[in-house]
Each structure stands twice: as structure tokens, then as C-alpha cells.
Amino acid sequence: MQAIVIHRILQIIPVLIGISIITFLLVSLAPGDPAEISLRAILDTDSPSPESISLMRAEMGLDQPLHIRYFIWLSRVVQGDLGYSYLTHKSTVYEILYALPTTFILAVSAMAISIIIGIPLGIAAAIKQNGILDHFCRFFSIIGNSTPEFFMAIVLLLIFSIELKILPVAGSGGFQYFILPSVVLAIGLIAITSRIMRTSMLDVLEENYILTARSKGLDRKTIISKHAIKNAMLPVLTYMGTQFGWLFGGAVIVESIFALPGLGRLTVDAVNTRDIMILQGCMITFAIIFVVINLLVDLSYIYLNPAIKYEEV
Amino acid sequence: MDTSSVKVTNSFPQLSGICDLLRKNLTLTAGLIIFFALLLITVLAPVIAPHDPAEQDLELRFSPPSSTYPLGTDQFGRCIFSRIVYGGQISLAIAVISTIACVLIGVIVGMYAGYYGKLDAVLMRTTDIFLAFPSIVLALPIIAIVGPTPLGIIIAITLPGWAKFARVIRSSTLSVKSNGFVEASKAAGASDTHILFRHILPNCYGPIIEIATLGLGSKIITITSLGFLGLGVQPPTPEWGTMINQGLTMLEKAPMIAISAGSMIVLFVLATNLIGSELRTILDPRSDTIVI
């Protein structure tokens, strides 16, 4: 098992290198001079002199060929130097650390909502297979999956903010500003969670130990609550782990609509204002979050199923 | 001898069975009907639309639905209905082209990795890298570089999108490869090219069609999301995502713009999800119809 864990951890190294190459290439292709951006931040001026820019270019190694520039860039990134924002003159790391909590709260509350609603829904659908609730669950899951977040957001905005006027339209500042965004993110997730919970539950109900429990004379209620649900939860929870990375992607859209100052909004703003240092910082952050979450999910999977063969991971 | 009995039946239903299948599987039929209806509306937009989508009538701004303007007019007095009908053209074209590109790259990479195994590990780690970014996060910087032109959007969607296709095609290749008929063909002296394109590829058609259908829907979501963020197809070209972006600021005054454009997206993605998930059930009856 230890070998598997080590192998899995080592596997992320080439992926991280690849992520850094892609990010570096995209950012060096983007218009904008990193030397000028840094000078604007360091000298706190909007128009550094051409001489100082060319000096800075040499110092940052921007006159070197591409592959050497990559290594210079990488050594800076590894040390936590992601450059400065073109607009605010603040360091990229500061901007990202400032934005992360918002996105994190958003993702966690969306996850919580989808667990609270999706799992009971899936269980109920499985217990009465092909019943009304099962059909409703299926219908809801297909609709939920077919609706882009931004449209879901608009429909909810129309209902709750414009018609009923019970929730704020957009902005940040308190708990109530997170309700609509996290519900929007949660709906897509509930659609998937409830389906997987249903399938997992149906699989478990066919297992031998359920049959044994039934032949022992246990009533259906006890079998389901004591035996089935617990065992059926495992694949759902692992799956939800992988969905966490997806939530961060969804945050890009949702934060833009609801004007939440999170990582997604920072990314979109960086693209709009061509703020390339911020953009590269956001890309790296998104990718690392995704890679680390997947690693943790896989490791917990290995830990929970010691019998698993490596190929199946 | 009855020739129909010697027909090779693979996992994908033959033409004669399709009508039967459609009659039995109403979900698939519904999906196909919505899909082709939307396709028809989009292609026949010049015939269906009552107005030129760019035609402005500033005296008729924000007018309510009427017989001449079935969905009313927008802030420039343009016919919303006509813009919706035309709005699918560019999104669908971009989605179809980038899906085809993803399939082509996926077939080449996936079959090579699965069949030869030489570069398997390298290629699969490469797909890991591309799958590590949420697709919109990779699409955004590409748009920033190449600009929000249709070609730029195709690149921005294809570059992050091919990895998933390569993975699916690789795993189908692996499972087909271990079949007896591939061994037999090899023993009979068939070349690798022959085996790849005569035996393996045709057996991957099912999964390819399934993932391409689902992919078409998710690409529409990405394209319209880009449009919604103001980084997709640029106005005044009518496009569903861009229309929602403009509709958002006028939600109280003219909710029809955002709602009708959004409904078209939902309908289209719904159709691809219905078709894709039903195909999955047909191809692999043990799987549940989860649309991911």
C-alpha cells in the first residue's frame, strides 16, 4: 500500500511540471511586458522610463531564449514570487490570498447544500425505484445538468431578488450574499450526487449481506438505515471529492454574476484588463487546487479500500 | 441462405433496428426530435425569422410581444425572436467544429496510446495536465491571446477539450484490442493500420458518438459562458450567451431577452444530454444514465 501511495504522489510531479509549462507559455504569448508591470509596482508609477524597463528586462532575464526564461520564471514561482498586478500594483500572491476565502466559502457551502439535499434524494429514489420520486429525481437531474450556471443564476435572481425582493442582487458583505451563488453552484451538483447515490444504493441493496440481513428477519427500515446507506455513501463521498475541483471552475461564472470578489472573478477581471501576472497566478492556483484535491481523493480511496489494485485507481 | 443472419452485429444497433429502437426508447426519440428541431430552426433562420436580426427600430424599444414581434424588442428595438433564431448559428457552428477537432485529436492520441502502448504513460499524463484546469480557466487566457474571434473560441475550446476524448478512445481501444478477432487478424498477417482502422476504430464508434453528443452540449455551455462573460462572440452578432450578458443588465425591464436565449441553451443541452445518456445505456446496459 505504501508503494501505491508513493507512486500516486510521484505521479503528480509530471502533471505539475506540465501545468507550469502551459501557464508559462500562455502568459508569455499574452500581450504585456512583465518587466514594465513589475516596475510599475516597485516604483509605484504608471509610466516607468524606457531605460529602466530595458534594465529590468535584462534583470528578469526577458532577453533570454524561451526555454531559459522558463527556468528563470519557474525558480521565481517556486519561491512564491508570482509578480505584480498591472492595475493595483499589489503582489499576485496577495491578490490571490485575498480572493481565495470567498471562493472557498462558496465551494464549501455549495458542497454542503448538495450533500444535504442530494444524498437523501438519491436514497429516497433508490428505495422506491421507478416511483414518483425516482422519476422526479431523474427529471431534476437531467434539467439541472442541462442548465448552465449563468442561466440558473438569472432565473433565481429574477425570482428571489427582483420579484420577491428577499435576497440581494449582487455584491459582498454578508451571509445573505452567498445564498444565491451557492445554491446556483449546488443545483448542478445535486443533480449528479442524487443520481450517484441512487445507483450506489441500488447496487448495495443487491449485495449478499443485505440478503443475509433480510433472511435474518430484519425489517426493511433497519436494513436500509443500518446497513445499506452507510455502505452506499462511500463511492458518493469519493466522487464528491473530485467534484470539488469542478466547483472552483463553476465559481468563475457564478462569482462574475454575483460580483463576489473571489478567485473566479479575479480571473475574469484579469483577462478583461490583460493583467497577465494575476492571470497566471489564478491559473496555477486553480490547477494546483484541482491536482491536490484529486490526490487526496485517490489517497483516501486507497486508504479505505486496501485491497484495490493500482490499475483501478 | 438468408443474408441478414450473417450480418455482423456489433454493440451499436444496425440501421434496420433503429426505427424499432426509437419506438421503444421515447427518451432518445425526444432528445433527437428537440436536437433536430433546433438544428432546423438554426439552419433555416433566414426563412423563419420575421425580421433582420440587426434591424433597429429605436421608436420600438422594449416593446412587449406582439404579432409582428413575437417576443418583443430589445434596447435597440431589434426583434428578440429573430435574434434568438439567428443566435444559434455561430454557437452551433463553433461547437460542431471544435467537437470534430476534439474527436480527431482524441482518435489519434487515444488509439496510438491504447494500441501501441509505447507513449501511453506520457500521453496519459499529458491528458492529466489538460484535465487539471477547469475548461473555462484554460479557455480564458487563450481568448486573451488570440482574441474573441470565432477561430479564437474554437482554439480556446478544443485545446482543453481533446483530453477527455483521448481518454475515452484509449480505453475503448484497450478493450477492443484484447478481443479474439484482433488477435486472429494479426495472426492472419494484417497490418497495424488495417487493424486500427478496420477493426478497432469501427468498434469505438459507439463511445465516440456518445461522448461527442455529450461534448456538443458541454461545448455549447462553454461557448455561451464565454459569450456571457463578454469574452465570446462579440456583439452585434446575435449569440445566445452574449444576448444573456446584455439581457442581465436589463433583467427588470426586459427579462424576455435573457430568458428566451437561456431557454434555447437549456433545450439544446437537454437534447444532447438525453441522446448521450440513452446511447450510454444502450451501449452499456449496466451503467446508470448519469450525465457527467
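Convention: sequence-line order gives letters A, B, ...; per-chain numbering from 1.
Put simply, the side chain of F286(A) does not reach to within 4.5 Å of the side chain of I136(B), judged on heavy atoms. Counting only heavy atoms from C-beta outward, the side chains of V269(B) and F151(A) never approach each other to under 4.5 Å. Taking 4.5 Å as the limit, every side-chain heavy atom of I221(B) sits out of range of all side-chain heavy atoms of S146(A). At a threshold of 4.5 Å between non-hydrogen side-chain atoms, the residues N272(A) and L229(B) do not count as touching. A 4.5 Å side-chain heavy-atom check between V252(A) and L140(B) finds at least one atom pair inside the cut-off. Looking at I259(B) and L158(A), their side chains come closer than 4.5 Å, going by heavy atoms from C-beta outward. Contact annotation: the side chain of F150(A) approaches that of I265(B) to within less than 4.5 Å [non-hydrogen atoms, C-beta and beyond]. F228(B) places a side-chain heavy atom less than 4.5 Å from the side chain of I257(A).
Applying the 6.0 Å contact sphere to CZ of F140(A) captures more than 12 heavy atoms from other residues, nucleotides or ligands.
Of the atoms belonging to T27(B), it is side-chain heavy atoms, and not backbone ones, that fall under 4.5 Å from chain A. S263(B) touches chain A through backbone and side chain together, each having a heavy atom under 4.5 Å away. Only the side chain of S256(A) comes within less than 4.5 Å of a heavy atom in chain B; its backbone stays farther off. Contact of L279(A) with chain B is made through the side chain alone, with heavy-atom distances under 4.5 Å. Contacts of F268(B) with chain A are absent, with no heavy-atom separation under 4.5 Å from either backbone or side chain. L231(B) touches chain A through its side chain: at least one heavy atom from C-beta onward sits under 4.5 Å away, while N, CA, C and O do not. Heavy atoms closer than 4.5 Å to chain B are found in the side chain of V291(A), but not in its backbone.
Counting only residues at least two apart or on different chains, no salt bridge (charged side-chain N to carboxylate O under 4.0 Å, His left out) pair has a member in residues 276-293 of chain A.
Rounded to the nearest 0.5 Å, atoms CZ (R195(A)) and OG (S277(B)) are 9.0 Å apart.
Scanning both residues, L26(A) and P141(B), for their nearest heavy atoms gives CD1-CG, 3.9 Å. In terms of heavy atoms, I129(B) sits closest to I19(A) at CG2-N, 3.7 Å. The two residues I142(A) and N273(B) make their nearest non-hydrogen contact at O-ND2, 4.4 Å.
In terms of heavy-atom pairs under 4.5 Å with chain B, the best-connected choice from V268(A), I22(A), I143(A), L202(A) is I22(A). Between chain A and the options T224(B), L248(B), V146(B), I142(B), heavy-atom pairs under 4.5 Å are most frequent for T224(B).
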